[in-house]
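Note that the structure is predicted; figures quoted are calculated from it, not measured.
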Amino acid sequence: QVQLVESGGGSVQPGGSLTLSCQYSGFTADHYGIGWFRQAPGKEREGVSCLSTADESTSYADSLKGRFSVSRDKIKNTVYLQMNGLTPEDTAVYYCAAGVQPTILFRICAFPLGAPLFAAWGQGTRVAVSS
């Protein structure tokens, strides 16, 4: 059973940075897409970034390119989301999710991320950006 646990959320001032962590376990398939999503108050959930374990390729929402960066530590079974230049619009609950990538050619991390493709979800970590 795939399990995901996020951590690293908190309060930060505009312009600040945070790094979120997503520790995963229970992976049994060859390849997964590990996505980050967020949901701001009163707004729909949106995809933030994604990493494919097949080739370590990454993808991002267009609006976040250059500010957010995703990476993985294979030894620690952890995916990180580095967020820089945070603004109040980044305030949200951030979730990591994992979905099986059945073949290397299957573009599970293509944007916009298809939430139904990610079967396992973490509990979320809250990020608040304010002065």
### Task
Take Phe118 and Phe37, measure what side-chain contact (heavy atoms from CB on, under 4.5 Å) needs, and give me the verdict at the end.
CA-CA 11 Å; Phe118 297 82; Phe37 295 79; 3.8 Å; yes
#### Entry: Listed once per pair and sorted, the salt bridge (charged side-chain N to carboxylate O under 4.0 Å, His left out) pairs that draw on residues 118-131, sequence neighbours left out
none
### Query
Which word best sums up how the rings of Trp121 and Tyr95 line up, parallel for under 30°, tilted for 30 to 60°, or perpendicular for over 60°?
perpendicular
Measure the spacing between [atom1] of [X] and [atom2] of [Y] and express it to the nearest 0.5 Å.
{"X": "Phe68", "Y": "Leu86", "atom1": "CZ", "atom2": "CG", "answer": "5.5 Å"}
{"X": "Ser49", "Y": "Tyr94", "atom1": "OG", "atom2": "OH", "answer": "10.0 Å"}
{"X": "Ser130", "Y": "Gln13", "atom1": "OG", "atom2": "CD", "answer": "8.0 Å"}
{"X": "Leu64", "Y": "Phe111", "atom1": "CG", "atom2": "CZ", "answer": "8.0 Å"}

If I compare all heavy atoms of [X] with all of [Y], which pair ends up nearest, and what's the gap?
{"X": "Gly8", "Y": "Leu18", "answer": "O-CD2, 3.8 Å"}
{"X": "Val2", "Y": "Ala98", "answer": "CG1-CB, 4.2 Å"}
{"X": "Leu20", "Y": "Gly9", "answer": "CD2-N, 3.6 Å"}

### Query
Are any side-chain N or O atoms of Gln101 and backbone N or O atoms of Phe106, one a donor and one an acceptor, separated by less than 3.5 Å?
yes
List, one per line, each side-chain donor-acceptor pair under 3.5 Å for residues 75-84, sequence neighbours excluded.
residue: Thr78; atom: OG1; partner: Lys76; partner atom: O; Å: 2.9
residue: Gln82; atom: OE1; partner: Thr19; partner atom: OG1; Å: 2.4
residue: Gln82; atom: NE2; partner: Asn84; partner atom: OD1; Å: 2.7
residue: Asn84; atom: OD1; partner: Ser17; partner atom: OG; Å: 2.9

### Message
Among Thr91, Asp90, Thr125, exactly one meets side chain to side chain donor-acceptor pair (under 3.5 Å) together with Arg38. Which residue is that?
### Response
Asp90
